[in-house]
Each structure stands twice: as structure tokens, then as C-alpha cells.
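Small disclaimer: the values here were computed from a predicted structure and weren't measured. Position 1 is the first residue of the sequence; numbering continues from there. For ligands, and for the atoms within them, numbers begin at 1 and follow the listed sequence.
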Amino acid sequence: MAVNLKGRDLLSMLDLSTEEIYQILDTAANLKMKQYTGEQHHLLKGKTLGMIFEKSSTRTRVSFETGIYQLGGYGLFLSSNDLQIGRGEPVSDTASVLSRYLDGIMARVYKHQTVVDLAKYSRVPVINGLCDYEHPCQILADFQTIMEKKRKLEGLKLTYVGDGNNVCNSLLFGCALTGMHISVASPKGYEPAKDVVKKAQECAARFGSSVEVTNSVEKAAKGADVVYTDVWASMGQEKEQQLRLKAFEGFQVNAKNMKGAKEDYIFLHCLPAHRGEEVSAEVIDGPHSVIYDEAENRLHAQKAVMALVM
Ligand code: CP
Ligand code: NVA
């Protein structure tokens, strides 16, 4: 099916159809090849991307900035501390004005509503570079990595161990849309939100996959092709760090807890990681781990998104 992403926002994995996810992944693989062989691919020559950051970033900032450059365009880093938005200018005015200058906006924000409002008032595409609810760019890079290592998505089992956070939500939606079985193991009180799970389950039913949420790491790990974890305290939750360290005891991805996973499982982590907390060094630095391929794919997957929407 022909799909057209031009002019579209990417705020949630649920903004994409299965076909559109595969179109992005195909484009990402193609752009990766071009980058490796040195073939010029100035698909966004002369275009500018504004990159709004309310929070810190290593991967998202550098991969978007180099990505737009490699596509022949230009990226502007816009810290919310320097923008008038940090002094109370409404998001609506900021979006209306910025979209008179720019060809695309990428935003990393605290509240999901901020990217929704940016998209509402912007006349150029808005890409969610992480908010409290989702991290779609991360999941597209993760799926590119899984495709490279496992040659497919459909029918695989992805096990997510840890906090039911933004990354977990996007994984739930992404897996459901691509027919991957997903099992989430979280401690009591830290499971993904009920409405997120319900949406993912409804979607999974259409594509013949399953969504499971459990408090048992052992149950979730059983038969996993892909094991994923993320930090126990996300950006903005620093004050809960000590409380969470206690709550997540036993929810570490380590060799013992992953005994039930397939022998050739791959380990993913969006990074930054805390060795000794959500993951042991033996796993993240061991033979199952593909975290640096995954991080690299942020560049290729986001170039694909930019090229298709801008
Ligand atoms: N995974 C990720 O988004 O990393 P950064 O916070 O460094 O951008
Ligand atoms: N869940 C983490 C992801 C960081 C890329 C956070 O929001 O801080």
C-alpha cells in the first residue's frame, strides 16, 4: 500500500500505520546504506529543523543535528532556557512563529500536551523527541535494530523489564502495530497505565499478537527474542530515585533473571543506562547486547522520518 507521510506530525507510535512503520524502516535502511557508501542524499537541501529541548539529551540532539546536516539541511538547537517559552510565552505563539521560519520542529518536552499544542499551532511537521508519555523516535530505531538482527518483527517476543514509562508505552504501541508479542514485567504500582495497555491490546488483537503485563520477571522473560529495559527513574523523577531503587529490587536484567529467554536473545536499552541498577554490566556489556547499533540507528531512523515528513 502506498503511504504518504509528507506534512505529518509524529507525536505517538499510534500516529503511524503498520505500512508507515515499514516505510520508515525501509527508508532508514536505505539511508544507512547511502551513508556507509558515501552516496550523497541531500533530500532536504536548504531545509531547517528547529530542535526544542526542555530536557537533557546526548543521542537525540546529536542524531537529529547530524541527521539534518547529512540530508543537506540545517538544524537549530533551541534550549527552552533560551527561548521566550522559558519566560512564559505561550506554546501557541511559539509554534505559530517558529513555523514561519522552519520546515520542521523536533521537541523534547516534559508534558505530552506540549507536543500536542506545538503540532496544533505549527504549520510544519512536529516530531516528538521524547515526552512523559512516549518516545516514538527511539522505538523506530529499536525496530530497525531488531530487523537487522532478527530479519523480522512479526511473531517475535519482546520482553520489557522495568518502569511502565514513556519508552514502555511506545514499545507497547509499536509492538502491537507490528504483530510482535510484548510482555512487560514491572513492580506493583509501576506498571504501564491501564488506558495505554488497553489501547495496545485492542491494536494487538487486530494484528494477531499479544500484550501481557505481569509482576513476574521470570514469566515475562520466558522465550524472549528481545529483552529491553530503561532507567528506573526518568528525567523529572530524580527526587524519587531512592524510593524507586527499593521498589525495583529484583527487576534487574541480569543473566540469572534472563535464564528463560531464548539463547540468542538480543538486549536493547534506549540509554543512558545505569549499570548495576536496571541492568547488570554482564548483560549490557556482554554478547547479547546490541546497544550501540541501536543508538546508531537513531540517526538513520530519524533521517528517514525527517525525509518523509518534511
Ligand atoms: N535514548 C535517548 O533518547 O537518549 P538521549 O536522552 O541521550 O537523547
Ligand atoms: N525514560 C527515560 C528515557 C530516556 C531516553 C526518560 O524519560 O528519562
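At a threshold of 4.0 Å, the pair Lys111-Asp132 does not count as salt-bridged, since none of the basic side-chain nitrogens sits closer than that to a carboxylate oxygen. A salt bridge does not link Arg206 to Glu202: none of the charged nitrogens lies less than 4.0 Å from a carboxylate oxygen. A salt bridge does not link Lys259 with Glu218: every distance from a Lys NZ or Arg NE/NH1/NH2 to an Asp or Glu carboxylate oxygen is 4.0 Å or more. Using a cut-off of 4.0 Å between Lys/Arg side-chain N and Asp/Glu carboxylate O, Glu294 and Lys149 are scored as not salt-bridged.
Chaining together hydrophobic side chains whose heavy atoms lie under 4.5 Å apart leaves Tyr110 on its own.
Residues of the protein with a heavy atom under 4.0 Å from ligand 1 are Ser57, Thr58, Arg59, Thr60, Arg108, His135, Gln138, Cys270, Leu271, Arg298, listed by chain and number.
Every ring-ring contact (aromatic ring centres under 6.0 Å, His included) that Tyr265 has, sequence neighbours left out, goes to His288.
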So what's ligand 2 close to, N/O to N/O, under 3.5 Å?
{"from": "ligand 2", "atom 1": "1 (N)", "to": "Asn165", "atom 2": "ND2", "distance (Å)": "3.3"}
{"from": "ligand 2", "atom 1": "1 (N)", "to": "Asn166", "atom 2": "OD1", "distance (Å)": "2.9"}
{"from": "ligand 2", "atom 1": "1 (N)", "to": "Asp230", "atom 2": "OD2", "distance (Å)": "2.6"}
{"from": "ligand 2", "atom 1": "1 (N)", "to": "Ser234", "atom 2": "OG", "distance (Å)": "2.7"}
{"from": "ligand 2", "atom 1": "7 (O)", "to": "Asn166", "atom 2": "ND2", "distance (Å)": "2.9"}
{"from": "ligand 2", "atom 1": "7 (O)", "to": "Ser234", "atom 2": "OG", "distance (Å)": "3.4"}
{"from": "ligand 2", "atom 1": "8 (O)", "to": "Met235", "atom 2": "N", "distance (Å)": "2.8"}

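No side-chain donor from either of His42 and Gln70 sits under 3.5 Å from a side-chain acceptor of the other.
The environment of CZ in Phe207 is crowded: more than 12 heavy-atom neighbours from other residues, nucleotides or ligands sit within 6.0 Å.
You'll find the side chain of Lys303 reaches within 4.5 Å of the side chain of Gln35, heavy atoms only.
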